[in-house]
Asker: 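I'd like to ask you about the structure that follows.
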Amino acid sequence: MRALASPEAMESVLRRALAAGIHHVETAPAYGPAERYLGAALASLAVDQPAQRSTLVLTSKILPSDRKSTRLNSSHTVISYAVFCLKKK
């Protein structure tokens, strides 16, 4: 689920996902402000519920020219992977 409306919406979605047992969050720069909002939500969660925060696995798509995603502003490991689009002949 995308939470692009506000940082508060992203935090609400993240907390509901954790409560439902979801511990993998996938994002990408193409999702607009979502990565920045997720970074803010993760920071808030780390203060309020550090044990919950430590259970999350984060993945972020990156462009082949990027080295890492800095929009998450996270001190935890983020699995980043490049996405290549091949043109069909």
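Predicted model, so just to flag it, every value in this text is computed and none were measured. Keep in mind that the numbers below use all heavy atoms, side chains included, and drop hydrogens, waters and symmetry copies.
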Asker: How far does CD of Q49 sit from CZ of R15, to the nearest 0.5 angstrom?
Answerer: 5.0 Å
Asker: If I take atom CG from residue L58 and atom NE2 from residue H24, how far apart are they, to the nearest 0.5 angstrom?
Answerer: 8.0 Å
Asker: For L45 and L18, what are the C-alpha separation, side-chain angles and deciding distance, and is it a side chain to side chain contact (heavy atoms under 4.5 Å, CB included)?
Answerer: CA-CA 10 Å; L45 190 66; L18 284 167; 3.3 Å; yes
Asker: Rounded to the nearest 0.5 Å, what's the gap from CD1 on I22 to CG on L56? Could you check?
Answerer: 10.5 Å
Asker: State the CD-OH distance between E8 and Y37, to the nearest 0.5 angstrom.
Answerer: 8.5 Å
Asker: Using every non-hydrogen atom in the two residues, find where P50 and A46 come nearest and quote the distance to one decimal.
Answerer: CB-O, 3.4 Å
Asker: When rounded to the nearest 0.5 angstrom, what distance separates CG in L38 from CE in M10?
Answerer: 5.0 Å
